[in-house]
Participant: 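First the structure, which I've put down as structure tokens, then a few questions once you've had a look.
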Protein chains: 2
Amino acid sequence: MVDPSWPVDARTTPALVQMLARSQATGLATRFAAAGHTDLRPGHAPLLVPLLAGGRHASDLAEELGVSRQAVAQTVAALEKGDYVERVTDPGDGRAKLIRLTPRGRSALRTMRATALAVEEQWRASLGEARLRELRTLLVMLLTEPG
Amino acid sequence: MVDPSWPVDARTTPALVQMLARSQATGLATRFAAAGHTDLRPGHAPLLVPLLAGGRHASDLAEELGVSRQAVAQTVAALEKGDYVERVTDPGDGRAKLIRLTPRGRSALRTMRATALAVEEQWRASLGEARLRELRTLLVMLLTEPG
DNA sequence: ACAGATTAGACAAGTAACTTGTCAAAATGC
DNA sequence: GCATTTTGACAAGTTACTTGTCTAATCTGT
């Protein structure tokens, strides 16, 4: 269920943020497909990102992402099938598996970042450099506030 | 799958928008529950909103929201069970049902708007009036741009 | 050293919010 | 007045999660 097509000006500011996030998400999936990663859904990205820093355990990822371990396990299974990640037994802990990026996974992450930067570039074109920086500042303020 | 807890500053601006939208959504569900609408999920709100203007057909709602008629039908069924909306046969069209807000539905919408305004107020407290207005302006610019 | 608690991940099943496909009944268009 | 379209219902499938239960491996206290 998406957003009704109301006059934008009549909406609350939080609603505007939701709308913008929505419109991004749709466009992102399109760009993914265009980049040849048809089996990579937008929801997979947040899992892939922290793997850039090195192999991680599923449990650690689950805690970091704020979801259940099963959610991670299922997503990892899908990503493994698509050759984006591989799971190898942790040499230091026989129970655990290390989830690591494959070269294809790394390539997909590059595409993702490029896509995000393309959107940012589009915003820069719409707003200008100064306003884009201002937007960034405001977003960071809201994200880092105590509440 | 949510966002990894990265340093905020290292992220692209579109990613920041996603993070903010996410953090809102979680907080919103909490406030709903606190207002006694435990059976009302965040996803139901977009359907309820256009009903404020009067009874609507499910098909019209589906088109307006950009989802299938079944998605609307299923959501309406849930909302009807919770006495947020009622479905009455359209006097002018025997096939169609008019979906209308009940008093409880109207009350829920008031709660929603109040919740959104509370978040906005919190943002005002964080940013100050001038910066909040600037944020609004920037969001509206991005939402109304041609692309 | 070893029983007991904890932790890692697998398997099973359930839920929410959608989707497509099919269908009957009612309305509309020549 | 018959063909087409529209409306909503029913059935089933998908995605992205959830909780619950289980086994195997590791850590802890004595």
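Proteins get letters first, then strands, A, B, ... in listed order; numbering begins at 1 in each.
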Participant: Given C:dA17, C:dT19, C:dA8, which nucleotide is nearest the side-chain atoms of B:Gln74?
Facilitator: C:dT19
Participant: Specify the separation, in whole Å, of atom CG of B:Asp90 and atom P of D:dT6.
Facilitator: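 To the nearest whole Å, that distance equals 16 Å.
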Participant: Using a distance-only criterion (donor-acceptor N/O pair, under 3.5 Å, no hydrogens), is the base of D:dT6 paired with the side chain of B:Arg95?
Facilitator: yes
Participant: Is it the case that C:dG14 (base atoms only) and A:Gln70 (side chain only) share a donor and an acceptor within less than 3.5 Å, ignoring hydrogens and angles?
Facilitator: no
Participant: Using OP1 and OP2 only, check whether a side-chain N or O of B:Ser68 sits under 4.0 Å from C:dT19.
Facilitator: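 For B:Ser68, the contact criterion (side-chain N or O under 4.0 Å from OP1 or OP2 of C:dT19) is met.
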Participant: Return yes if the base of D:dG8 and the side-chain atoms of B:Arg69 contain a donor-acceptor N/O pair under 3.5 Å, otherwise no.
Facilitator: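 Checked by distance alone, the answer is yes.
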Participant: Distance from A:Tyr84 atom OH to A:Thr102 atom OG1, nearest 0.5 Å?
Facilitator: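 Interatomic distance, A:Tyr84 OH to A:Thr102 OG1, rounded to 0.5 Å: 8.5 Å.
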Participant: Quick check for you: among D:dG20, D:dG8, C:dA16, whose closest atom lies nearest to any side-chain atom of B:Arg41?
Facilitator: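 Selected nucleotide: C:dA16.
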Participant: Take atom CG of B:Leu40 and atom C1' of C:dA17, then tell me their distance rounded to the nearest Å.
Facilitator: 15 Å
Participant: Output the rounded distance in Å from NZ (A:Lys97) to C1' (D:dT26).
Facilitator: 16 Å
Participant: Using a cut-off of strictly less than 4.0 Å, decide whether B:Thr75 has a side-chain nitrogen or oxygen near OP1 or OP2 of C:dA17.
Facilitator: no
Participant: Which nucleotide in the list C:dT19, C:dG9, D:dT18 gets nearest to the side chain of B:Val67?
Facilitator: C:dT19
Participant: When you look at CZ of B:Arg131, are more than 12 heavy atoms from neighbouring residues, nucleotides or ligands closer to it than 6.0 Å?
Facilitator: no
Participant: Could you check which residues of residues 76-88 of chain B get a heavy atom under 4.0 Å from DNA chain C? Sort them by number, please.
Facilitator: none
Participant: Whole Å only: how far is the CG atom of A:Asp39 from the C1' atom of D:dT14?
Facilitator: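 After rounding, the gap between these two atoms is 16 Å.
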Participant: Show which side-chain atoms of residues 53-62 of chain B pair as donor or acceptor with protein atoms under 3.5 Å away, not counting sequence neighbours.
Facilitator:
| unit_1 | atom_1 | unit_2 | atom_2 | d |
| --- | --- | --- | --- | --- |
| B:Arg56 | NH2 | B:Glu64 | OE1 | 2.5 |
| B:His57 | NE2 | B:Asp90 | OD2 | 2.6 |

Participant: If you measure from CZ on A:Arg41 to OG1 on A:Thr75, what distance do you get to the nearest 0.5 Å?
Facilitator: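 Nearest 0.5 Å value for the CZ-OG1 distance: 11.0 Å.
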Participant: Rounded to the Å, how far apart are A:Arg56 CZ and C:dG9 C1'?
Facilitator: 17 Å
Participant: Rounded to whole angstroms, how far apart are CG on A:Asp93 and C1' on D:dC27?
Facilitator: 10 Å
Participant: Among the nucleotides C:dA8, D:dA16, D:dT7, which one has an atom lying closest to any side-chain atom of A:Ala96?
Facilitator: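 Minimum distance to the A:Ala96 side chain belongs to C:dA8.
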Participant: Atom NE2 of B:His44 to atom C1' of C:dT15: distance rounded to whole Å?
Facilitator: 12 Å
Participant: Rounded at 0.5 Å granularity, tell me how far OG1 in B:Thr13 sits from CG in A:Leu132.
Facilitator: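 Answer rounded to 0.5 Å: 4.5 Å.
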